[in-house]
Amino acid sequence: MIGHAYFIICAYILDCIIGDPRWIPHPVIYMGKAIHQLERWVRHMAKTPRQLKAGGFLLPLVLVVGACALTWGVLRLLSLIHPAVAAIFEVILIATTIATKGLKDAGMEVYRHLQAGNMPEARKALGMIVGRDTEHLDEPEIVRGTVETVAENIVDAIISPLFYAAIGGAPLAIAYRAVNTLDSMVGYKNEKYENLGFASARLDDLANWIPARITAVLLVFVAWLLRLDARRAWRTVRRDAKEHPSPNSGYPESAVAGALGVRLGGHNVYKGIASFRAYMGEPVVTLRAEHIRGTTWLMYGSSALFAVLTALLLWVISVLY
């Protein structure tokens, strides 16, 4: 338990400092390749929609269990060399499952372009992190897309992997990242992936259920620390979170919307097709570039608080038991 406490703090700090350097091979790259091969195999074997849906259960079974087992095996082998070698490698592995710096950098790139008045580059930067069409968005809509993305990914990219690292170290954190990668690749509600991605999407919803709600509480508390409107943030979570099409994304988004006094959600366009997402929050103020920076502060505050509290809890448990 004490080891996991140190691992979580060290991994979080490491990610905040260096993020995901391009020259270091990232586990998600290999997960993506494995998912692509598994998808090809399942589609080749399945002849009917029902078989495809059943085959879709093999994707998380093979990838998630395999990633967890492989990570555990590698750490066991490294521990035979020296426990310190295994510990260092475990910290690095946990750090690869979180993306605090990457999320901040992506949001702040949009912010810098907006501050410079460079709308084309701001739209382009937003287009790198969202699936919606960005070519004709004005500043408030660019800010909305950025704030929604950063807020939503506080759960997927930081709190959830740390949550599972606290329970089972790097093997479980890597397993969570496999679940999340599966959802991002095959968990779509469209004709191509409705059956194949059903199991992966439901597993991702289940994996993020507890972390999403923890994140909402943390965001409300951090809003109070930052002298934002914590009361409105809590009220917005209770009223609006369940209206989001995702069972989890509405919690961080509504908390951020309430804390900042902005309204998220609304009409988006995906490949020329309009779609409406339920509103989160009230338009007390108009969305502007500064709200991106405010969301970043909320992200850092909530994630750092979670890392510290989790490490402290693990330390207390280890002392008591």
Side-chain angles (χ1 to χ4, degrees), residues 1-35 37-38 58-103 155-183 200 203-204 206-208 210-211 214 303-321:
M1 286 292 185
I2 291 180
H4 283 175
Y6 292 141
F7 295 164
I8 286 171
I9 292 295
C10 291
Y12 179 77
I13 294 173
L14 181 63
D15 178 68
C16 286
I17 295 172
I18 68 171
D20 295 315
R22 294 180 181 274
W23 54 272
I24 297 180
H26 200 284
V28 170
I29 295 175
Y30 301 104
M31 290 178 189
K33 292 180 179 179
I35 292 168
Q37 292 300 320
L38 284 169
L58 288 175
L59 270 65
L61 181 64
V62 173
L63 186 72
V64 177
V65 175
C68 185
L70 179 61
T71 304
W72 181 86
V74 170
L75 290 174
R76 285 286 293 175
L77 288 174
L78 291 176
S79 68
L80 297 176
I81 299 174
H82 196 284
V85 176
I88 292 171
F89 191 66
E90 184 158 13
V91 168
I92 293 172
L93 279 178
I94 294 172
T96 66
T97 67
I98 57 181
T100 317
K101 185 177 185 297
L103 195 54
V155 177
D156 297 43
I158 312 172
I159 303 300
S160 284
L162 287 177
F163 176 82
Y164 289 104
I167 297 173
L172 205 55
I174 289 291
Y176 167 77
R177 184 50 61 204
V179 170
N180 190 246
T181 304
L182 271 167
D183 181 63
S200 296
L203 182 59
D204 185 75
L206 181 63
N208 286 307
I210 293 175
I214 292 174
S303 59
L305 183 62
F306 181 79
V308 170
L309 291 177
T310 302
L312 181 62
L313 178 61
L314 291 174
W315 180 80
V316 169
I317 292 173
S318 66
V319 170
L320 294 178
Y321 298 99

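Just so you know, residue 1 is the first one in the sequence shown, and it goes up from there. Computed over heavy atoms, backbone and side chain alike; hydrogens, waters and symmetry mates excluded.
Here the OH atom belonging to Tyr12 is positioned 11.0 Å from the CD1 atom belonging to Ile17, to the nearest 0.5 angstrom. Taken to the nearest 0.5 Å, the CG atom of Leu162 stands 8.0 Å off from the CD1 atom of Ile94. Distance check: Ile88 CD1 to Leu93 CG gives 12.0 Å after rounding to the nearest 0.5 Å. The CG atom of Leu103 lies 11.5 Å from the CD1 atom of Ile98; values are rounded to the nearest 0.5 Å. Atoms CD1 and CG, from Ile29 and Asp20 in turn, are 9.5 Å apart once rounded to the nearest 0.5 Å. Glu90 CD to Ser79 OG: the interatomic distance, rounded to the nearest 0.5 Å, is 10.0 Å.
Looking at every heavy atom in both residues, Pro27 comes nearest to Thr96 through CG-OG1, 3.6 Å. Heavy atoms only, all atoms of each residue included: Ala165 and Ile8 are closest at C-CD1, 4.2 Å. When every heavy atom of Ile9 is checked against every heavy atom of Ala311, the shortest pair comes out as CG1-CB, 3.5 Å. The two atoms that bring Leu314 and Ala5 nearest to each other are CD1-N, 3.8 Å, heavy atoms only. Minimum heavy-atom separation, Ser303 to Ile159: CA-CD1, 3.9 Å. The shortest heavy-atom contact between Pro171 and Leu75 is CD-CD1, 3.9 Å.
Scanning for side chain to side chain donor-acceptor pair (under 3.5 Å) contacts around Thr100 gives Asp15, with sequence neighbours left out.
At least one side-chain heavy atom of Asp204 sits under 4.5 Å from a side-chain heavy atom of Asn180. Inter-residue side-chain proximity for Ser160 and Arg177 is flagged as unmet; no heavy-atom pair is nearer than 4.5 Å. In this structure the side chain of Ile18 never reaches within 4.5 angstrom of the side chain of Lys101, judged on heavy atoms. Taking 4.5 Å as the limit, some side-chain heavy atom of Leu63 sits within range of a side-chain heavy atom of Ile35. Side-chain contact between Phe163 and Phe306: present, with at least one pair of heavy atoms (C-beta onward) separated by less than 4.5 Å. Counting heavy atoms from C-beta on, the side chains of Tyr176 and Asp156 come closer than 4.5 Å.
For Leu312, the CG atom is densely surrounded, since the number of other residues' heavy atoms within 6.0 Å is greater than 12.
Checked against Val64 for a side chain to side chain contact (heavy atoms under 4.5 Å, CB included), the options Val179, Thr181, Leu172, Ile174 give a single hit: Val179.
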